[in-house]
Visitor: 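Structure provided below as structure tokens; questions to follow.
Quick caveat, the model's predicted, so the values are computed rather than measured. Letters A, B, ... are given to chains in the order of the sequence lines, protein chains preceding strands, and every chain is numbered from 1. The figures that follow rest on heavy atoms only: side chains count, while hydrogens, waters and symmetry mates do not.
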Amino acid sequence: MVEEVIFAGFGGQGVLSMGQVLAYSGMIENREVCWMPSYGPEMRGGTANCIVTVSSDEISSPIISRFDTVVALNQPSLDKFESAVKPGGTLIYDSTNIIDPPKRSDIDIVPIPASEEAVKLKNTKIMNMIVLGAFLAKRNTVSIETVLDALKKVLPERHHHLIPLNEQALHRGKELAGEAVPVP
Amino acid sequence: MVEEVIFAGFGGQGVLSMGQVLAYSGMIENREVCWMPSYGPEMRGGTANCIVTVSSDEISSPIISRFDTVVALNQPSLDKFESAVKPGGTLIYDSTNIIDPPKRSDIDIVPIPASEEAVKLKNTKIMNMIVLGAFLAKRNTVSIETVLDALKKVLPERHHHLIPLNEQALHRGKELAGEAVPVP
Amino acid sequence: MAKIRGDIKIDVEKCKGCELCIVACPLDAIALSDGINKQGYHYAVLVEDVCNGCKSCALVCPDAVITVYREDRESGKKEPVAELRKVTGDITIQVGVEEEGN
Amino acid sequence: MAKIRGDIKIDVEKCKGCELCIVACPLDAIALSDGINKQGYHYAVLVEDVCNGCKSCALVCPDAVITVYREDRESGKKEPVAELRKVTGDITIQVGVEEEGN
Amino acid sequence: MQEIEHHYDDLSVIYERPATLLDTRMHYCPGCGHGVAHRIVMEAVEELGIQETTVGVAPVGCSVFAYHYMNVDMQEAAHGRATAVATGIKRCRPDKYVFTYQGDGDLAAIGTGETIHTVNRGENILIVFINNAIYGMTGGQMAPTTLITQKTSTTPYGREASFMGNPLKITDLLAMLPGAFYVTRQAVNTPAHVRKAKKAILNGFQWQKLNKGTCFVEIVSNCPTNWGMKPVESNKWLEEYMLPFYPLGDMKVPSKEELENG
Amino acid sequence: MQEIEHHYDDLSVIYERPATLLDTRMHYCPGCGHGVAHRIVMEAVEELGIQETTVGVAPVGCSVFAYHYMNVDMQEAAHGRATAVATGIKRCRPDKYVFTYQGDGDLAAIGTGETIHTVNRGENILIVFINNAIYGMTGGQMAPTTLITQKTSTTPYGREASFMGNPLKITDLLAMLPGAFYVTRQAVNTPAHVRKAKKAILNGFQWQKLNKGTCFVEIVSNCPTNWGMKPVESNKWLEEYMLPFYPLGDMKVPSKEELENG
Amino acid sequence: MGELRLMKGNEALAEAAIRAGMDAYFGYPITPQSEVLEYLTREAYNRTQCTILQAESEIASINMIYGASGAGARVMTSSSSPGISLMQEGISYIAGAELPCLLVNINRGGPGLGTIQPSQGDYFQATKGGGHGDYHLIVLAPATVQEMADFVLDGWQLAEKYRNPVMILSDGALGQMMEKVELREQVDRATNVIPEWATIGKSKDRERNIITSLFIQPEEMERVNLRLQEKYKVIMDNEIRVQEQNTEDADFVIVAYGLSARIGRKVMEILRAEGMKIGLIRPITLWPYPYETIGKVAGRVKGFLSLEMNAGQMVEDVRLAVNGQCPVGHYGRMGGIIPGPDEVADVIKTMYAKIQ
Amino acid sequence: MGELRLMKGNEALAEAAIRAGMDAYFGYPITPQSEVLEYLTREAYNRTQCTILQAESEIASINMIYGASGAGARVMTSSSSPGISLMQEGISYIAGAELPCLLVNINRGGPGLGTIQPSQGDYFQATKGGGHGDYHLIVLAPATVQEMADFVLDGWQLAEKYRNPVMILSDGALGQMMEKVELREQVDRATNVIPEWATIGKSKDRERNIITSLFIQPEEMERVNLRLQEKYKVIMDNEIRVQEQNTEDADFVIVAYGLSARIGRKVMEILRAEGMKIGLIRPITLWPYPYETIGKVAGRVKGFLSLEMNAGQMVEDVRLAVNGQCPVGHYGRMGGIIPGPDEVADVIKTMYAKIQ
């Protein structure tokens with residue numbers, strides 16, 4: 001198997017770390033993994049994205065131009081990467097933040113009101129985990145259990161109390177993915 | 001015509017400037033000229049030498065390994081360059097300073113007691129001009145008159161009073177060259 | 001005592017919601033908006049009608065997004081900024097301008 | 001007053017004839033030689049038999065060519081140089097040695 | 001919060017973004033003092049009417065993009081070399097107003113030699129030195145001016161004097177050089193400080209006409225992002241920790257005579 | 001002149017070339033202060049018995065060949081970088097005695113940044129700084145410490161402050177840095193000065209054991225050749241012109257307590 | 001099997017340096033390699049008591065490296081393109097004084113300040129000598145995060161074997177990307193051998209040691225130079241590292257190093273899937289360069305493409321290796337743009353069509 | 001005919017700079033080029049009121065050059081090998097920001113501190129980019145004192161035409177030796193044109209001028225790089241300078257530049273006198289390099305010898321030009337030793353014998 005995905009949004013939305021969690025989870029599941037970031041010169045507020053490859057075979061190019069999945073957390077990212085989804089691939093986006101929805105009809109489009117849901121969960125920083133839950137539901141790259149395992153390993157001890165919240169977010173994302181209705 | 005000569009001695013003995021005067025004189029006589037110095041890292045007291053080429057044709061290499069004339073003003077220079085005189089060439093040296101005389105028999109050897117003569121002329125700095133006079137007598141590369149012309153041009157005005165002394169030294173050198181008897 | 005009337009205009013799309021103007025305002029007249037701008041920031045807004053045009057907010061604004069207004073009184077009629085904008089070419093030496101403290 | 005007897009030895013082949021020892025000698029006992037060494041310099045020589053081993057010449061000699069001798073008196077018997085030459089390894093802190101003025 | 005109704009019509013503009021500062025969104029983080037410093041430098045240029053005769057130099061650091069905002073001719077300089085670049089400009093164009101705008105890593109670490117020699121030569125330029133005790137652009141490493149015990153990404157356990165040396169008060173050193181004409185330390189964390197800092201900048205520009213040496217304005221500033229603080233908090237920290245170590249005030253001021261014998 | 005007859009036999013050697021100074025002809029010009037400075041540095045090493053634990057660094061300049069004369073482990077450093085090289089050595093071998101031996105162009109022009117930051121970090125090394133107000137090895141160009149009106153091959157009409165800046169008193173700057181433990185200015189033009197300079201060098205070596213910061217010994221020296229003077233004359237010029245501008249004496253001395261709490 | 005971690009290339013390199021028994025690191029912040037210094041300040045001293053010092057500049061860093069290496073320490077510095085340019089004098093000194101050390105260039109786009117994005121624009125600088133004089137660095141080009149780690153100890157061993165500086169020439173992408181990496185065991189620093197030429201104090205039983213690159217007598221200087229050239233020859237004969245893939249049956253070969261080699265592999269996979277006989281040669285040592293490997297293959301293929309993230313630098317070495325036996329093309333992207341496998345595949349198809 | 005003088009190469013260069021209307025020189029002492037700064041401090045200001053400043057370092061010098069050139073001035077710096085290495089970052093910036101200026105390297109022997117004697121060991125650094133990133137200097141290699149003078153104005157004109165730094169790559173021997181030189185007329189500095197891109201204050205009728213090499217968007221950075229490459233292409237098409245002697249009937253050709261080319265000519269004279277058909281190609285521009293000239297001759301001769309004062313650097317360009325058409329040898333001396341005509345003649349005879 002191979003999953004080539006890009007997570008894109010503003011710096012500060014957690015796009016880089018959601019990619020890292022996915023890569024780490026892939027490693028736990030004995031896959032080859034590669035996480036490739038790209039960001040602007042600003043410390044904050046710039047755009048950021050990372051490409052994650054999870055594969056059962058050795059990974060050649062870490063740079064991908066066409067993706068199995070695009071995860072877009074803001075309008076510029078959606079506009080930039082919509083066309084990069086492979087035909088039949090998946091496009092997941094934060095429908096709270098994105099006003100102009102994607103237009104392609106040859107891909108699976110999954111709007112997730114992630115920011116809104118994060119507010120409901122009383123922690124806006126958890127938005128990325130909701131989206132990751134949706135991604136896992138759609139793509140099955142790794143299991144949610146592995147992701148929780150991974151979080152335990154990457155989060156410092158002092159943040160472990162947040163793991164239940166993360167779990168809640170992942171599951172909420174999964175549910176939302178099931179409910180998601182593409183904009184016509 | 002072409003004359004390839006090296007002037008060698010201690011720094012401070014005026015070897016570089018006697019070469020320059022010869023080169024300048026060559027230029028006045030419409031020759032192609034090249035003056036090529038070589039010296040050690042010390043400011044004073046090191047060895048110094050310069051190669052001068054005076055030629056009626058364009059000069060290719062400014063670096064010469066065999067010379068028409070070698071002018072040696074100290075023992076190390078004599079030791080180093082004696083073998084570099086072309087067969088039939090000329091070796092002029094300061095016999096005041098040099099204890100071990102040259103040994104070759106296939107060249108014209110011209111010992112000049114230049115330092116001693118300079119003391120007689122009451123100016124030890126004039127030693128190089130005595131030697132240059134000897135060189136001109138032997139090699140006829142340029143005329144003494146041209147050299148005096150050259151001195152007028154290269155010496156700053158405030159040193160022009162020294163020109164008669166230089167002239168005296170050049171002529172004395174010429175005389176000494178005539179008298180010179182090679183050590184057997 | 002007659003209050004000097006002032007006002008400010010904030011270029012909300014360039015505001016980054018740093019809140020420095022809020023703490024700088026001696027009259028506590030500025031606050032962050034509930035809404036966010038296109039950059040994603042809650043921006044500063046004037047929330048109390050007490051502004052006297054003291055410029056404190058504008059002075060500390062790192063994004064130069066605040067324009068300050070004040071009624072025309074003899075004291076505040078023309079400020080150095082507007083005046084000096086016309087100056088060009090050769091300048092004369094002075095030991096500093098805009099001496100007023102704050 | 002009994003004069004302290006001293007002497008100096010000059011490594012004439014390394015001497016460059018700078019004359020600094022000559023002006024440093026408080027007893028005017030040093031002068032340049034008439035002859036030159038292999039380097040081409042007139043070298044320094046002791047010309048007056050008045051040396052008291054004060055070391056001034058050696059202290060200012062840039063070529064470290066002067067060795068100083070002195071008769072063994074209690075005061076001048078062993079100088080720090082010779083003594084300390086035996087010290088090796090760990091050193092102890094001291095606020096400076098060889099305090100004597102000149 | 002509810003915005004009040006405005007009444008701009010019957011009022012006059014008494015303060016606005018200077019025309020010399022381009023109307024562009026700045027890339028600086030929210031609350032970053034660079035914005036204020038940029039603005040007052042450009043206000044000074046506008047008020048003195050010297051936009052047409054001013055050349056700025058901004059080297060590597062967060063303010064490397066200063067030329068995106070300052071509407072004057074500008075040169076981007078190599079890291080640490082702004083004052084050398086400014087020297088090159090000023091020596092060839094002595095009738096222009098030349099300033100540099102440099103951060104602490106640039107001016108006081110890699111550029112120490114250039115800074116000291118430029119001031120020692122008394123180059124007739126204005127040096128604006130933004131000291132926020134950290135490397136901003138590269139992500140929060142220790143600067144030469146980082147305080148003792150201050151944590152940065154390269155002093156994760158706090159700066160320790162015995163290992164990394166003490167914070168370098170380069171401005172104090174520069175004030176000792178005869179080539180320095182005017183040396184002052186200012187801040188931009190309060191309206192009062194901004195006013196004073198701006199006056200210092202005005203002085204620094206004006207006095208170039210006298211050809212009497214280098215004008216140097218240090219501005220103690222903040223770096224909310226790399227200090228790991230909110231902007232308001234960072235300005236408090238600045239007041240509480242930076243200013244006691246870097247006290248504000250003039251270190252070298254020209255005498256009346258020096259100013260009059262222009 | 002006639003040499004007297006010697007009588008070495010009934011006398012004792014009380015002063016001789018230190019064994020740590022190799023018995024080689026030095027390349028320096030006649031009367032050059034480098035020779036004296038070399039000798040006292042090596043005397044200090046010998047007297048302290050630290051030849052086996054000393055590492056020297058000599059960078060580009062006339063003294064680049066110091067390793068031909070000093071019989072200790074030595075590194076030749078790039079121009080201006082001796083203190084960085086010494087930092088590298090000392091940080092890895094903190095139990096060794098590390099010193100640099102640098103000229104004015106090296107330490108105070110191209111190496112200004114390294115010098116200041118090394119001292120600011122308080123590296124536990126001894127810096128010996130030979131200030132003869134000129135570049136020797138390259139043939140007599142202006143140094144940062146060249147005096148006003150002094151003629152050099154690059155100030156043929158004399159150094160002019162308004163154009164080339166004032167002579168840089170870098171030692172004064174360094175004395176202000178907290179990392180400096182001991183800063184002093186000495187000379188080697190008279191026997192008395194040589195004694196004091198040697199004591200300063202001894203201090204500088206010994207105090208490395210305390211690990212309390214940098215010891216810095218400036219030695220005001222001469223350059224007969226490039227000053228265009230005879231050696232004796234040059235030492236007079238030094239006394240008359242250099243010393244008034246570069247007065248001798250300690251600029252920073254450790255307190256008794258600092259020395260005792262080793 | 002060693003410890004397995006998901007790490008950024010820069011961090012893997014830093015971790016590997018700690019484990020390889022590094023004695024000292026001197027460096028200065030520059031994007032995109034600052035993580036090396038940051039990681040080391042966090043991790044290194046507490047674990048191995050080695051020296052980690054943020055220098056005041058890259059110039060200070062490289063000269064600290066000179067001093068520390070001269071004192072027999074196992075040392076490293078890292079920087080990125082402009083910072084490496086600043087080190088050129090120091091590097092030439094280190095090569096001239098024959099000091100073993102590890103230099104890391106996390107290449108970004110130039111010239112000038114350029115961009116913080118990845119690039120291979122420093123190939124010439126690294127392999128032809130950015131500094132003055134006749135010298136060579138041994139240049140290792142990792143292509144994976146695993147190699148970012150592995151080449152650290154390998155690099156030091158080469159450096160120490162030949163008393164020669166070794167450069168790891170990587171790029172911003174390899175520095176910033178995360179992959180699985182298997183870490184080697186910790187080397188005990190106490191076992192590091194201080195070479196007998198090191199300046200650590202002249203013991204009684206030996207002459208003083210001198211670290212220098214200055215030889216003022218032309219004859220001596222030439223002897224030193226000839227000895228260096230002899231050493232380089234030995235390195236060329238023994239230390240070339242290169243990977244060949246599918247060159248046996250290939251009729252067209254991509255030559256690429258570092259990140260580009262991974263793109264090249266993907267391109268090869270794409271084109272092989274389309275039935276084209278494409279091979280790949282990946283030089284791992286950029287100096288010494290695998291001229292012979294390429295030269296041999298050149299005799300049996302129809303063409304080469306040198307794939308680089310620059311305007312065409314390694315292509316000169318490919319041409320020197322091929323020596324006219326068949327056409328050599330170059331394809332490169334610049335400014336931080338990494339060539340996409342698809343676009344490269346198209347380039348090869350076009351070139352291939354012409355050659356036929 | 002202009003004024004005739006007997007001058008050292010360094011002084012001829014300095015004099016020519018004054019006469020060519022130089023606005024500013026910034027430099028730092030280093031043997032064997034200090035005469036340039038010394039001559040200028042003596043002569044220049046009094047005659048043309050230009051700026052001559054001894055900087056605190058080579059790094060300061062090159063950055064002063066950057067600033068002054070950015071302000072539209074006609075500027076020059078000079079140094080020798082280690083000093084040029086220190087300038088590499090600055091040079092890359094100048095190339096990236098496209099600033100015209102003249103850089104002079106009076107090459108001495110390396111690596112490291114090396115020797116003050118002449119060398120051609122900086123060929124790679126000058127021609128392949130000692131600094132980071134993809135850029136080129138235009139490199140002129142004088143072989144006579146006359147050319148040391150002539151290439152100054154020529155260099156500035158090229159620099160200004162292409163907004164590109166130009167390097168005069170000479171060596172210690174050419175810098176120190178004296179020959180006859182005919183000097184050009186004084187250019188009136190007042191006639192120097194300040195280019196419209198210079199930063200001299202933004203007049204009302206134009207946008208602000210910006211001198212920079214920073215382009216943070218990869219696409220923009222690549223566009224800038226491609227534009228630079230386009231410019232380099234134009235320069236390659238138009239500015240190659242090369243001298244050929246006796247190549248028409250030659251069956252063996254010496255390729256050499258600068259001082260070596262003069263040795264090469266002597267060798268050719270010696271061997272022609274012995275009846276051997278030897279030709280000489282002397283690249284005057286080392287970049288752009290005369291690949292085509294050499295390539296054409298390669299088709300009709302039996303071999304080449306690249307004669308250099310280094311361990312073999314230009315020989316790579318000769319090989320690239322010859323591209324396998326015939327054998328290419330290299331002969332070089334190092335450490336300040338200038339190859340003697342006799343020894344080179346012997347080398348050629350040996351090589352020639354093998355080729356037959």
Visitor: Near F/Lys169 NZ, under 6.0 Å, is it more than 12 heavy atoms from other residues, nucleotides or ligands?
Guide: yes
Visitor: Heavy-atom cut-off 4.5 Å, strictly under: side chain, backbone, both or neither for E/Met176 against chain F?
Guide: side chain
Visitor: What's the separation between atom NE2 in F/His117 and atom CG in E/Leu168, rounded to the nearest 0.5 Å?
Guide: 5.5 Å
Visitor: Show your working on side-chain contact (heavy atoms from CB on, under 4.5 Å) between F/Asn166 and E/Arg121 and close with a plain yes or no.
Guide: CA-CA 7 Å; F/Asn166 279 281; E/Arg121 282 192 306 267; over 6 Å; no
Visitor: Of the listed residues (E/Ser162, E/Gly122, E/Ala109), which shares the most heavy-atom pairs with chain F below a 4.5 Å separation?
Guide: E/Ala109
Visitor: Against the six-membered ring of E/Phe163, is F/Arg91 placed for a cation-pi contact (under 6.0 Å from the centre, within 45° of the normal)?
Guide: yes
Visitor: Is the number of heavy atoms from other residues, nucleotides or ligands under 6.0 Å of F/Lys252 NZ greater than 12?
Guide: yes
Visitor: Looking at E/Lys236, I want to see if its NZ is surrounded by more than 12 non-hydrogen atoms of other residues, nucleotides or ligands under 6.0 Å.
Guide: no
Visitor: Report which part of E/Ile116 has an atom under 4.5 Å of a heavy atom belonging to chain F: side chain, backbone, both, or neither.
Guide: side chain
Visitor: Who wins among E/Ile170, E/Asn120, E/Asn211, E/Leu177 for the most heavy-atom pairs under 4.5 Å with chain F?
Guide: E/Asn120
Visitor: Counting only heavy atoms closer than 4.5 Å, note whether E/Ile110 contacts chain F via side chain, backbone, both or neither.
Guide: neither
Visitor: Can you tell which of F/Pro178, F/Gly179, F/Gly213 has the highest number of heavy-atom pairs within less than 4.5 Å of chain E?
Guide: F/Pro178
Visitor: Does any part of the side chain of F/Thr112, heavy atoms only, come nearer than 4.5 Å to the side chain of E/Thr115, both counted from C-beta?
Guide: no
Visitor: Tell me, side chain or backbone of E/Asp172 under 4.5 Å from chain F's heavy atoms, or both, or neither?
Guide: both
